[in-house]
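Reading through the structure tokens given below for one structure.
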There are 2 protein chains.
Amino acid sequence: MTALPDLTRLVADHRPRFRTATEFVEATLRHAILTGVLAGGTPLRQDDLAALMGVSRMPIREALRQLEAKALVEFHPHRGAVVVSITAEDAADISAIRHALEPAALALSLPHLTPDDFALADDLIADMDAETDPGRMGELNRRFHMTLYARAGRPRLLALTEQHLAAADRYLRFQFAALEYQTRSQDEHRALLAACRAGDTAGACAIVADHIGRAEGLLTAFLSERAKGADAPARRGQNKT
Amino acid sequence: MTALPDLTRLVADHRPRFRTATEFVEATLRHAILTGVLAGGTPLRQDDLAALMGVSRMPIREALRQLEAKALVEFHPHRGAVVVSITAEDAADISAIRHALEPAALALSLPHLTPDDFALADDLIADMDAETDPGRMGELNRRFHMTLYARAGRPRLLALTEQHLAAADRYLRFQFAALEYQTRSQDEHRALLAACRAGDTAGACAIVADHIGRAEGLLTAFLSERAKGADAPARRGQNKT
DNA sequence: AGAGTGGATATTGGATCCAATTCCATTTGG
DNA sequence: CCAAATGGAATTGGATCCAATATCCACTCT
């Protein structure tokens with residue numbers, strides 16, 4: 001059968017939102033990867049995906065190429081595509097990018113934030129307090145951050161930022177099991193929002209930088225520990241039971 | 001016929017360096033776009049490209065999707081792909097990204113730079129002094145900057161940096177006509193290298209930031225002026241003879 | 001018995017074919 | 001004479017088909 005998790009829900013959800021099959025497939029797979037439904041190391045069989053999505057292999061291939069360009073999947077010639085799994089080094093790498101991009105986006109955006117933006121950010125914090133599902137938590141976290149950056153007026157900068165924020169969140173979902181992280185993270189979110197409301201650009205940027213650094217520390221620790229536990233957790237389809 | 005410029009040289013050059021046709025096509029087109037051989041607004045007919053590259057339309061399509069993910073081309077459903085032309089807003093956008101990434105990369109890399117790196121940077125500055133072709137100039141400029149960032153030990157950060165540095169260079173080639181830019185740019189390059197040699201991280205980062213800002217100013221001015229001159233320079237293939 | 005080799009199989013890479021959509025030009029009616 | 005509709009041509013989007021390559025397993029030879 002298929003070693004893929006059940007994506008019918010995602011498929012049905014994304015299907016009507018796109019005109020071309022390629023865009024639909026790309027969006028669906030990207031969502032699945034970023035929310036962790038498709039874990040790192042998962043082999044992506046073109047035939048399986050085609051059957052699952054109800055299209056032929058061609059849109060699948062185009063979508064996979066796009067995801068490759070976004071560093072979400074990896075092609076091995078004649079051996080197929082796999083979801084890239086993030087190592088501790090990659091985590092530091094992505095964190096460095098966030099560390100560069102997010103304060104810059106925030107500094108550009110902060111002067112143009114409106115009361116509506118602050119209210120939305122408040123709501124998102126409250127939602128995160130109530131949320132327990134790690135997947136939705138990542139989504140909320142991402143939206144909270146992007147709300148604060150949104151007024152930067154730099155579409156490419158924002159797209160890059162969101163992309164890497166999402167890449168980090170993809171593994172941050174494991175962190176939410178580490179209970180104390182959530183409360184501390186929420187404290188930082190509140191402090192960040194307060195600094196934004198006060199118009200304290202330097203302070204807000206410092207908080208964001210610190211926030212990213214802390215998340216990186218936890219993520220790196222988690223990944224290195226997991227790497228010790230299982231050296232080669234997922235190579236090929238190894239359901240030999 | 002084809003409205004495309006002569007790419008046979010690029011094709012022959014890249015052809016042996018890749019195993020799969022898709023990767024070859026992607027690299028060739030990317031190179032052509034980044035060096036300005038394919039100008040912004042150029043419509044990319046899949047048939048023409050296929051004939052030019054000596055492959056079928058499918059690798060072309062996959063490559064175009066990758067370039068779309070990298071924001072180098074733009075798809076219009078059922079109307080084809082065009083090379084994205086950079087507006088003054090886009091220039092500011094890309095500049096903001098460079099402004100965020102390059103000082104970060106430099107700060108990480110600087111402590112690990114070796115005498116060999118400095119020597120290579122010296123050579124590249126000398127080469128730029130002697131170079132007159134704008135296309136090769138962009139290449140040298142890119143290599144100079146990347147040499148200084150290369151020891152950051154963050155592959156993704158470096159890839160992003162190079163990508164946006166190249167995107168800027170793509171239009172910076174028009175700047176080199178503006179004579180005084182080159183001498184000033186070279187002065188800044190020398191100052192930057194000196195700061196790196198001295199181990200002055202903060203100073204080097206400041207110089208880079210300033211360098212990027214100045215380039216942005218010139219580029220923005222150029223683009224806005226050109227926008228006034230020709231409002232819609234290239235729409236479709238208008239060779240009705 | 002173990003290692004190396006050969007073939008069978010599965011999966012991707014690439015080419016060709018067909019349908020759907022858009023754009024352009026011509027034509028026709030007011 | 002101009003505007004709107006209609007038909008055709010060109011081009012892309014998607015599906016199917018064929019070839020190339022890597023993996024896996026059985027078999028043989030040392």
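Numbered from 1 within each chain, the chains take letters A, B, ... in sequence-line order.
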Whole angstrom is fine here: how far is it from [atom1] in [X] over to [atom2] in [N]?
X       : N      : atom1 : atom2 : value
B:Met53 : C:dA15 : CE    : C1'   : 17 Å
A:Glu62 : C:dG14 : CD    : P     : 13 Å
B:Ile60 : C:dG14 : CD1   : P     : 11 Å
A:Phe75 : D:dT21 : CZ    : P     : 18 Å

Where the side chain of [X] is concerned, which of [options] is the nearest nucleotide?
X       : options                : result
B:Arg79 : C:dG13, C:dT22, C:dA15 : C:dT22
A:His78 : D:dA15, C:dG14, D:dT21 : D:dT21
A:Arg57 : C:dG13, D:dT12, D:dA15 : C:dG13
A:Arg61 : C:dG13, D:dG13, C:dT11 : C:dG13

Taking only Lys NZ, Arg NE, NH1 and NH2, and the carboxylate oxygens of Asp or Glu, determine whether B:Glu26 and B:Lys70 approach each other closer than 4.0 Å.
yes

Assess B:Arg15 against B:Phe24: is NZ or CZ under 6.0 Å from the centre of the six-membered ring, and within 45 degrees of the ring's axis?
yes

If you define the side chain from C-beta out and look only at heavy atoms, does anything of A:Gln66 sit under 4.5 Å from B:Gln66?
no

Given D:dG13, is OP1 or OP2 found less than 4.0 Å from the side-chain N or O atoms of A:Thr22?
no

Using OP1 and OP2 only, check whether a side-chain N or O of B:Gln46 sits under 4.0 Å from D:dA10.
no

When B:His76 and A:Pro77 are each assigned the nearest nucleotide of DNA chain D, the 5'-most assignment goes to B:His76

Upstream residue (5' side of DNA chain D) when A:Gly54 and B:Asp47 are each assigned their closest nucleotide:
B:Asp47

Looking across every strand, which nucleic acid part, if any, lies under 4.0 Å from A:Leu64 by heavy atom: base, sugar-phosphate, or nothing?
nothing

Residues A:Thr22, A:Met58; criterion side chain to side chain contact (heavy atoms under 4.5 Å, CB included); working and verdict:
CA-CA 8 Å; A:Thr22 299; A:Met58 161 135 359; 6.0 Å; no

